[in-house]
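Sharing a structure, written as structure tokens. Questions coming.
Note that the structure is a prediction, hence the values are computed from the model and not measured.
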Amino acid sequence: GYADPEARACHASILPTLRRLGYRFCVITDWGALAAESGVSRELARRRAAAFSGLRYHLRLAIPALLEHPVTGEVTIRCQTDEPTDVVLDFTSPQRVTGVLANGRPVEPVRTAEHLVVPASAIRHGDNVIEMTFTANDDALNRQADGLYSLFVPARARTAFPCFDQPDLKARFSLELNIPGGWQAVSNAPGTQAAVADRVHVRFAETAPLPTYLFAFVAGPLLESSGIRHGRTYRIWYRPSDAARVAVNLDAMLDTHAAAVTWLEAFTEIPYPFGQFDIVLIPSFQFSGMEHPGAIYYHADRLLLGPSATRDEARNRATLIAHETAHIWFGDFVTMRWFDEVWLKEVFANAMADKILAAHDREEDQALRFFLAMYPAAYAVDRSGGAHPIAQPLENLADAGRLRCSADAECGWHRRDRLRGDREALYERPRCRGSDVNHARCSIPGPLRDTSGAMESISLHFTKTAKRLIFK
């Protein structure tokens with residue numbers, strides 16, 4: 001690609017004419033060098049984001065009843081490119097790929113440590129279809145004898161299936177699961193199931209555009225409870241052992257989620273963008289929650305309170321629900337380009353959660369609660385030798401988990417407090433234009449653009465150079 005914008009524009013303007021004259025082009029990029037590096041390097045991600053668009057995945061997985069048997073699958077990847085070019089896909093076990101078709105023809109990809117390279121000779125201008133059969137790794141599938149759940153954040157989808165595992169290449173996902181009889185399955189979109197002998201085949205509808213880290217599915221002997229709030233159906237999925245606790249907490253969970261959704265729709269003037277709203281309660285989940293759109297995961301104990309729960313415990317539950325629901329707009333609908341700014345979406349989700357709670361809990365002094373909860377941890381870190389910049393460089397997504405950042409503790413809280421300085425302006429609604437989630441644009445209220453110079457331009461696509469919010 002050209003570094004100079006005028007050169008890029010000139011190149012783009014003459015390509016159609018040259019094509020009409022019969023010329024054919026092949027983009028020359030040293031994909032081999034990029035694919036040789038393990039993980040997902042920033043340069044590889046940048047090149048792919050510029051080269052490919054219109055992504056769709058159709059993933060089919062067969063999940064055996066016995067843990068010693070592997071999960072096998074097939075994936076069909078559809079993408080568009082302006083010129084024939086090598087296609088570098090991420091997969092941590094390329095030797096587990098047993099067959100590849102590119103545009104209907106068999107092809108032997110180049111296999112590197114953690115990538116598969118489909119050669120440019122098999123790729124054409126415009127639409128392309130790549131099909132692969134493979135055996136998945138269990139690393140991100142959290143398999144147990146009685147079920148599994150995927151957890152692909154920050155870049156672990158590549159352990160389960162070949163993909164473009166970077167947050168700025170959103171795609172539409174279609175999923176089919178073949179699971180043991182007696183199991184249920186949940187994903188980001190609604191599903192229909194049919195019994196086949198002693199197995200169950202579940203086919204899910206296509207999702208809205210999602211990055212790979214937000215694509216999710218759960219399977220196991222799940223039970224379902226549901227309720228309707230303000231015309232929207234909320235479904236809660238859980239293990240049979242939690243049935244009694246769910247019955248006690250059901251109304252509170254439904255009411256709190258519905259209140260958060262209603263507030264966020266009014267504040268952003270953007271309707272809930274993902275159709276289905278399911279909640280999955282997972283025992284011993286790694287985090288308190290994870291904001292997969294259409295299928296939010298929670299640690300079951302964080303939402304299923306006992307009969308003697310304290311006011312603080314109930315408030316913490318409401319805060320967690322508000323935080324994860326806020327992520328639907330700030331993180332899911334609007335997504336960072338790269339994980340070096342993961343702290344930013346966390347800070348925005350927490351700021352929105354504070355506002356949601358303030359609107360629904362008039363008895364609580366939210367400013368005092370914020371001070372007591374956040375300042376001691378933030379100052380403790382600032383006083384120590386472990387203090388570090390909030391924004392840190394990240395050259396490879398394989399290192400994303402090593403960033404010295406705890407978004408729920410010290411990271412970003414001082415910045416967030418500055419944002420709280422002018423409350424009325426901070427919570428001014430973004431002014432948005434456009435109805436398509438890939439093209440809507442928003443302007444940022446003044447205090448969000450300039451907070452002591454720290455974030456002179458914020459984009460909720462999380463780029464530091466953008467002068468407006470970018471919904472993509």
Side-chain angles (χ1 to χ4, degrees), residues 153-154 167-168 211 213-214 260-261 263-270 272-274 287-293 296 318-359 366 370 373-374 378 390-392 403 405-432 437 440-452 454-472:
V153 63
D168 61 343
Y213 86 92
L214 290 175
V261 169
W263 188 91
L264 285 158
E265 287 183 323
F267 173 77
T268 63
E269 298 180 351
I270 298 170
Y272 176 74
F274 291 104
F287 308 127
S288 294
M290 181 61 205
E291 64 271 15
H292 303 116
I296 302 177
T319 300
L320 173 59
I321 289 173
H323 174 100
E324 300 302 336
T325 306
H327 269 314
I328 300 298
W329 282 261
F330 297 88
D332 296 359
F333 183 58
V334 180
T335 304
M336 62 206 167
R337 288 192 186 277
W338 196 243
F339 265 88
D340 58 348
E341 292 196 321
V342 66
W343 68 270
L344 188 54
K345 75 178 181 72
E346 297 298 331
V347 169
F348 266 88
N350 276 293
M352 295 300 104
D354 277 356
K355 189 64 174 175
I356 292 168
L357 263 64
Q366 294 296 328
F370 171 84
M374 302 306 168
I390 294 171
Q392 301 164 60
L403 290 181
C405 175
S406 172
D408 291 328
E410 81 279 358
C411 182
W413 291 117
H414 288 164
R415 190 75 51 86
R416 175 175 170 233
D417 189 49
R418 292 187 188 126
L419 290 177
R420 292 167 61 92
D422 185 341
R423 293 182 180 221
E424 292 304 316
L426 167 62
Y427 294 119
E428 179 183 349
R429 290 186 180 91
R431 294 174 291 279
C432 302
V437 299
R441 296 290 184 267
C442 295
S443 60
I444 301 173
L448 292 184
R449 286 196 303 272
D450 186 4
T451 55
S452 303
M455 289 187 286
E456 63 176 304
S457 59
I458 295 179
S459 160
L460 283 192
H461 198 59
F462 305 122
T463 60
K464 294 180 181 178
T465 57
K467 299 299 182 184
R468 59 189 179 275
L469 300 180
I470 300 177
F471 286 70
K472 183 175 181 181

| field | Closest heavy-atom pair and its distance - Glu265, Tyr272 | value | OE2-N, 2.8 Å

| request: Indicate yes or no: at least one non-hydrogen side-chain atom of Leu264 is less than 4.5 angstrom from one of Thr325. | output: yes

| query | Do you know the tightest heavy-atom contact between Leu320 and Gly289? | reply | CD1-N, 4.3 Å

| field | From CA spacing to verdict: side-chain contact (heavy atoms from CB on, under 4.5 Å), Ile321, Ile296 | value | CA-CA 10 Å; Ile321 289 173; Ile296 302 177; over 6 Å; no

| query | If you take all heavy atoms of Pro211 and Thr335, which pair is closest and at what distance? | reply | CG-CG2, 4.1 Å

| message | Nearest 0.5 Å, please: how far is CH2 in Trp329 from CD1 in Ile270? | response | 8.5 Å

| message | So Glu346 and His323, do their side chains get closer than 4.5 Å, heavy atoms only? | response | yes

| said: Determine whether Leu214 and Phe274 satisfy the following criterion, side-chain contact (heavy atoms from CB on, under 4.5 Å), listing intermediate values before the conclusion. | reply: CA-CA 12 Å; Leu214 290 175; Phe274 291 104; over 6 Å; no

| said: Please find the pair of heavy atoms, one from Ala326 and one from Ala349, that lie closest to each other, and give the distance. | reply: CB-O, 3.9 Å

| query | Should the pair Phe267 and Trp263 be assigned to parallel (<30°), tilted (30 to 60°) or perpendicular (>60°) ring geometry? | reply | parallel

| remark: Heavy atoms of Ala322 and Ala260 approach each other most closely as CA-CB, 4.3 Å

| side-chain contact (heavy atoms from CB on, under 4.5 Å) assessment of Val153 paired with Met290 | CA-CA 9 Å; Val153 63; Met290 181 61 205; 4.0 Å; yes

| query | Met336 and Pro167: which non-hydrogen atoms are nearest, and at how many Å? | reply | O-CB, 3.6 Å

| said: Just so I know, are the side chains of Asp332 and His292 near enough to count as touching, which here means a heavy-atom distance under 4.5 Å? | reply: no

